[in-house]
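None of the values given here were measured: they were computed from a predicted structure. Just the heavy atoms: all of them, side chains too, but no hydrogens, waters or symmetry mates, feed the values below.
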Amino acid sequence: MELKLISENKTFNGSQKVYSHYSEVCKCDMTFGLFLPEASENYKVPILWFLSGLTCTHENAMTKSGAQQWASEMNIALVFPDTSPRGKSVPNHVDFDLGQGAGFYLDATEDPWNKNFNMETYIIGELNDLLFKKFNLNKLKQGITGHSMGGLGALNLALKNPQIFKSASAFSPITNPTQSEWGQKQFSSYLGTNQKIWTDYDPSLLLKKLGFNTQILVDQGKADNFIELLMPKSLSDQMEGNINLGKFRYHDGYDHSYFFVSTFIKEHIIHHTNILSA
């Protein structure tokens, strides 16, 4: 598969690159960011996936999270996928939380979305394979994190694919989408009315059903203006007091922005590095 280099910038002794390629899974051109630490010149490094939220592209976390500094220090690569398929031939919606920019990291089954909106298979299959064919990365040492809709995606993909993702974390994730407007609206459009199918994309339900092999880290701001849609209590209640599941941390005064993400990103990268280096 041909990769087109869009940009390349040296940062923290590593290289922040942006690539585009044609996706057979999503039937359109897709773009992703990739940070490679200097260590990747000498050996296969672990990789941490960062999935962004509603209305975002690959650029948001790449430019606002400050993750590269800590990834460079800990010799871990970062990949920033886009949040959905894009282009004139890709269906869209007038609402910001449906269509382009709102892929919800699932495989759609309903028209007109099912031709392009296959973000789950794109990440765990096509893009995953592409990265390890083209770059000096350790396929056995992958972690995943994300923010908001991306936090939802990160938890879902990790819980369902522990053979791929050995570590997981999330910032302000949508935790109980089957019971939230951020979930019910999108699932009914992308997946249809069979709510049993929806449960495959609800991290609160998946964690209870499947568990996870390593501890999960979740951070949530108490001043988050979307907290009623995120429904964090459904996940925090389940994780509270259960050290085997990990930590769900609430933070006074923090909102939903990348100011919050950038404050705690170092701790998340340490969390993933400790697990992936074990």
- Item | Note, Pro85 side chain near Gln100 side chain (heavy atom, < 4.5 Å) | no

- Pair His271, Ser167: side-chain N/O donor-acceptor within cut-off below 3.5 Å: no

- Task: Give a yes-or-no answer on whether the side chains of Gln16 and Gln68 include a donor-acceptor pair shorter than 3.5 Å.
- Result: yes

- Query: Taking atom types as modelled and ignoring hydrogens, do the side chains of Asp202 and Asn176 form a donor-acceptor contact shorter than 3.5 angstrom?
  - Reply: yes

- Message: Could you check whether Asn9 and Thr11, counting side-chain N and O atoms only, form a donor-acceptor pair closer than 3.5 Å?
- Response: no

- Query: Are Phe264 and Phe171 near enough that their ring centres are under 6.0 Å apart?
  - Reply: no

- Heavy-atom distance under 4.5 Å between the side chains of Leu155 and Phe165, does that happen here? no

- Quick one: is the NZ or CZ of Lys17 closer than 6.0 Å to the six-membered ring centre of Phe135, and within 45° of its axis? no

- Heavy-atom nearest pair, Asn138 first then Pro46, reads CB-N, 4.3 Å

- Item | 4.5 Å side-chain heavy-atom contact, Ile174 and Phe226 | no

- Message: Within a 6.0 Å radius of atom NZ on Lys160, are there more than 12 heavy atoms belonging to other residues, nucleotides or ligands?
- Response: yes

- Task: Flag the pair Leu51 / Ile123 as yes when at least one side-chain heavy-atom distance between them is below 4.5 Å, and no otherwise.
- Result: yes

- Query: If two hydrophobic side chains count as joined below 4.5 Å and joins carry through other members, does Phe248 share a cluster with Phe212?
  - Reply: yes

- Query: Using a distance-only test with no angle check, is there a side-chain donor-acceptor pair under 3.5 angstrom linking Gln220 and Asp224?
  - Reply: yes

- For Phe117 and Tyr190, run ring-ring contact (aromatic ring centres under 6.0 Å, His included): C-alpha distance rounded to whole Å, both residues' side-chain angles, the deciding distance at 0.1 Å, then the answer. CA-CA 8 Å; Phe117 281 69; Tyr190 295 143; 5.6 Å; yes

- For the residue pair Tyr122 and His21, categorise the inter-ring angle as parallel (less than 30°), tilted (30 to 60°) or perpendicular (more than 60°). parallel

- Return yes if a side-chain donor-acceptor contact under 3.5 Å exists between Asp107 and Thr121, otherwise no. yes

- Verdict with reasoning, Tyr22 to Glu2, per side chain to side chain donor-acceptor pair (under 3.5 Å): CA-CA 8 Å; Tyr22 181 78; Glu2 184 178 354; over 6 Å; no

- Task: Could you pull out the closest heavy-atom pair between Gln215 and Ile243, with the gap in Å?
- Result: NE2-O, 2.6 Å

- In this structure, are over 12 heavy atoms from other groups packed under 6.0 Å from Lys233 atom NZ? no

- Message: Under a 3.5 Å threshold, yes or no: a donor from one side chain and an acceptor from the other, between Ser89 and Arg86?
- Response: no

- Over 12 foreign heavy atoms within 6.0 Å of CD, Glu8: yes

- Query: Given Ile47, which of Leu34, Ile144, Ile76 fulfils the side-chain contact (heavy atoms from CB on, under 4.5 Å) condition?
  - Reply: Leu34

- Query: Any side-chain heavy atom of Leu230 within less than 4.5 Å of one from Thr175?
  - Reply: no

- Pair Ser234-Gln179, side-chain donor/acceptor within less than 3.5 Å: no

- Message: Apply ring-ring contact (aromatic ring centres under 6.0 Å, His included) to residues Phe12 and Phe35 and explain how you reach the verdict.
- Response: CA-CA 10 Å; Phe12 298 105; Phe35 172 75; 7.9 Å; no

- Test item: side-chain donor near acceptor, His268 and Asp219, under 3.5 Å: yes

- Donor-acceptor contact present, side-chain Asn136 to main-chain Tyr43, <3.5 Å: yes

- Between the main-chain N or O of Gln184 and the side-chain N or O of Ser188, is there a donor-acceptor pair closer than 3.5 Å? yes

- Task: Would you indicate whether the side-chain heavy atoms of Tyr19 and Lys4 approach each other to under 4.5 Å?
- Result: no

- Query: Regarding Ser262 and Ser65, is there a side-chain donor-to-acceptor distance under 3.5 Å anywhere?
  - Reply: no

- Message: Hydrogens and angles aside, do His256 and Ser148 bring a side-chain donor and acceptor to less than 3.5 Å of each other?
- Response: yes

- Item | Atom CZ of Phe259 with >12 non-hydrogen neighbours under 6.0 angstrom | no

- Item | Distance flag, aromatic centroids of Phe50 and His147, threshold under 6.0 Å | no

- Task: Ignoring hydrogens and angles, state whether a donor on the side chain of Glu110 or Ser189 is under 3.5 Å from an acceptor on the partner side chain.
- Result: no

- Assign the ring pair Phe260 / Tyr254 to parallel, tilted or perpendicular, where the plane angle (0 to 90°) is split at 30° and 60°. tilted

- Item | Any side-chain heavy-atom pair of Trp49 and Pro81 under 4.5 Å | yes

- Message: Any heavy-atom pair between the side chains of Leu137 and Lys44 that's under 4.5 Å?
- Response: no

- Query: Hey, is the main chain of Cys56 close enough, under 3.5 Å, to the side chain of Thr83 for a donor-acceptor pair?
  - Reply: yes

- Item | Neighbour count >12 (heavy atoms, 6.0 Å) for atom NZ, Lys139 | yes

